[in-house]
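Heads up, the thing below is written out as structure tokens.
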Amino acid sequence: METTGTPVQQAQGAGRRMIEDVAAPAPVLLHGVDDTAWPVLETAVPPGVDTRVGSEGTLYLPDG
């Protein structure tokens, strides 16, 4: 599930809703792009949801 087109201020909430909307035991992989890449990664880690970050998603580290 990607947060493509989601404003950065809403990326973490969108990620949480995606996790909640998928019925267990279905696997979930969250992937943010550009400004949402790092907020979505932060959202995926605590519940143990799969995620990926790469140069196709962002060219910058979280601190810019």
Side-chain angles (χ1 to χ4, degrees):
M1 299 181 144
E2 293 195 9
T3 57
T4 305
T6 303
V8 69
Q9 301 88 340
Q10 298 172 7
Q12 288 183 311
R16 283 189 207 95
R17 283 189 300 281
M18 289 177 192
I19 293 167
E20 292 168 1
D21 288 347
V22 174
V28 175
L29 182 141
L30 292 181
H31 178 241
V33 178
D34 297 325
D35 291 344
T36 66
W38 298 108
V40 168
L41 175 69
E42 291 171 0
T43 301
V45 171
V49 174
D50 290 335
T51 188
R52 64 184 178 90
V53 175
S55 60
E56 84 291 342
T58 185
L59 297 176
Y60 303 98
L61 294 173
D63 62 1

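Every value quoted in this text rests on a predicted model; they were computed, and no experiment measured them.
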Under 4.5 Å side-chain heavy-atom separation, chaining through any Ile, Leu, Val, Met, Phe, Trp or Tyr, what else clusters with V33? Say none if it is isolated. none

Nearest 0.5 Å, please: how far is [atom2] in [Y] from [atom1] in [X]?
| X | Y | atom1 | atom2 | value |
| --- | --- | --- | --- | --- |
| T6 | R17 | OG1 | CZ | 8.0 Å |
| M18 | L29 | CE | CG | 11.0 Å |
| L41 | T36 | CG | OG1 | 11.0 Å |

Compare every heavy atom of [Y] with every heavy atom of [X], then report the nearest pair and how far apart it is.
| X | Y | value |
| --- | --- | --- |
| T58 | W38 | CG2-NE1, 3.8 Å |
| V40 | G32 | CG1-N, 3.8 Å |
| A37 | G57 | CB-O, 4.5 Å |
| H31 | E56 | NE2-OE2, 3.2 Å |

Report yes if some heavy atom in the side chain of [X] is under 4.5 Å from a heavy atom in the side chain of [Y]; otherwise report no.
| X | Y | result |
| --- | --- | --- |
| R16 | T43 | yes |
| Y60 | D35 | no |
| D50 | V28 | no |

Same cluster or not: are V45 and I19 linked, directly or through other Ile, Leu, Val, Met, Phe, Trp or Tyr residues, by side-chain heavy atoms under 4.5 angstrom apart?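 Per the 4.5 Å side-chain linkage, V45 and I19 are not co-clustered.
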
